[in-house]
Asks: 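Got a structure here, written out as structure tokens. Questions coming.
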Amino acid sequence: QEAHAAEMERTFIAIKPDGVQRGLISEIISRFEQKGFKLVAIKIVVPSKDFAKKHYHDLKERPFFNGLCDFLSSGPVFAMVWEGEGVIKYGRKLIGATDPQKSEPGTIRGDLAVVVGRNIIHGSDGPETAKDEIGLWFKPEELVSYTSNAEKWVY
Ligand code: RTP
């Protein structure tokens, strides 16, 4: 009840090209929506390779970096910002472990993916990356502040 939109936590969630091509957009939105999180921004875009490199800059020393950036820029990515209490950490929980072989059943990757290179979804791993990633993918005016009808019952 004391939760107000202005002070609510936000995270960046993206359905990667494999998730989009496999028709998993609505399934993934449902899981966040049903939990009680609020969708405040969306866009579907094919990122350039340079943009993908910016998004994954933390991983630039890793052997899979180039292939990962090629893959992210290979087709449409469904980018979202979700808002809610604890959404950064709990969003990662909904997503499941990076390697779908290790993700628990009930998680998005556990239920819907098989291999690490095609793990269908990305979620910010902390408050700093959430802020950076939201800023990279969205302009401030693309984020919508509103009171959802659900939230007076969620909080
Ligand atoms: P994400 O950033 O996509 O949410 O994934 P994450 O935090 O769970 O995992 P991270 O370690 O940041 O890796 C980013 C993405 O790189 C791909 N990856 N491939 N051994 C491999 O081939 C390998 N390891 C990681 C995955 O797509 C992972 O989501």
Side-chain angles (χ1 to χ4, degrees), residues 5 7-140 142-144 148 154:
E7 53 200 53
M8 271 291 189
E9 184 174 314
R10 289 172 166 175
T11 194
F12 174 72
I13 302 290
I15 306 175
K16 301 182 198 179
D18 49 340
V20 173
Q21 296 294 351
R22 290 179 54 202
L24 297 173
I25 294 171
S26 60
E27 169 71 32
I28 290 167
I29 288 178
S30 287
R31 291 178 182 223
F32 280 84
E33 199 176 37
Q34 288 173 5
K35 170 71 176 168
F37 294 138
K38 182 164 68 173
L39 186 58
V40 297
I42 57 163
K43 74 171 55 159
I44 186 160
V45 61
V46 181
S48 67
K49 178 136 184 215
D50 274 354
F51 189 92
K53 285 180 175 169
K54 277 185 200 156
H55 172 76
Y56 278 128
H57 67 273
D58 281 350
L59 300 172
K60 64 176 181 294
E61 310 300 342
R62 309 293 286 275
F64 55 82
F65 176 71
N66 192 56
L68 178 62
C69 294
D70 275 337
F71 180 63
L72 194 74
S73 57
S74 70
V77 172
F78 191 84
M80 299 170 274
V81 179
W82 286 89
E83 185 179 284
E85 211 170 292
V87 70
I88 300 172
K89 210 166 178 190
Y90 207 90
R92 299 274 293 179
K93 221 168 182 172
L94 288 177
I95 289 170
T98 306
D99 179 356
Q101 296 288 343
K102 297 185 178 132
S103 328
E104 295 298 325
T107 65
I108 290 166
R109 286 169 176 159
D111 291 347
L112 305 171
V114 181
V115 296
V116 71
R118 296 292 183 269
N119 64 2
I120 68 172
I121 184 166
H122 163 83
S124 305
D125 63 9
E128 280 308 308
T129 43
K131 195 166 167 283
D132 290 351
E133 291 171 359
I134 291 168
L136 177 66
W137 288 80
F138 290 96
K139 299 176 195 148
E142 291 175 325
L143 305 185
V144 181
S148 76
V154 171

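These numbers come from the heavy atoms of this one structure, side chains and all, not from hydrogens, waters or symmetry mates. Note that ligands are numbered from 1 as they come in the structure, with each ligand's atoms numbered from 1 the same way.
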Asks: Can you tell me how far apart CG (Leu24) and CG (Leu112) are? Round to the nearest 0.5 Å.
Replies: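 Leu24 atom CG to Leu112 atom CG measures 5.5 Å (nearest 0.5 Å).
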
Asks: Sequence neighbours excluded, which residues qualify as ring-ring contact (aromatic ring centres under 6.0 Å, His included) partners of Phe37?
Replies: none

Asks: Tell me the ring pair (Phe, Tyr, Trp, His ring centres under 6.0 Å) pairs involving residues 58-84, sequence neighbours left out?
Replies: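 Matches after skipping sequence neighbours: Phe32-Trp82.
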
Asks: With sequence neighbours excluded, what pairs up with Arg92 under the salt bridge (Lys or Arg N to Asp or Glu O under 4.0 Å) test?
Replies: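 With sequence neighbours excluded, Arg92 shows a salt bridge (Lys or Arg N to Asp or Glu O under 4.0 Å) to no residue whatsoever.
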
Asks: Mind checking the CD-CZ spacing from Glu133 to Phe138? Nearest 0.5 Å is all I need.
Replies: 11.5 Å

Asks: Name the residues in contact with ligand 1, where contact means a heavy atom under 4.0 Å away: which are they?
Replies: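 Protein residues near ligand 1 are Lys16, Tyr56, Leu59, Phe64, Leu68, Arg92, Thr98, Arg109, Val116, Asn119, Ile121, His122, Gly123.
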
Asks: Does Ile121 offer a backbone N or O that forms a donor-acceptor pair with the side chain of Arg109 under 3.5 Å?
Replies: yes

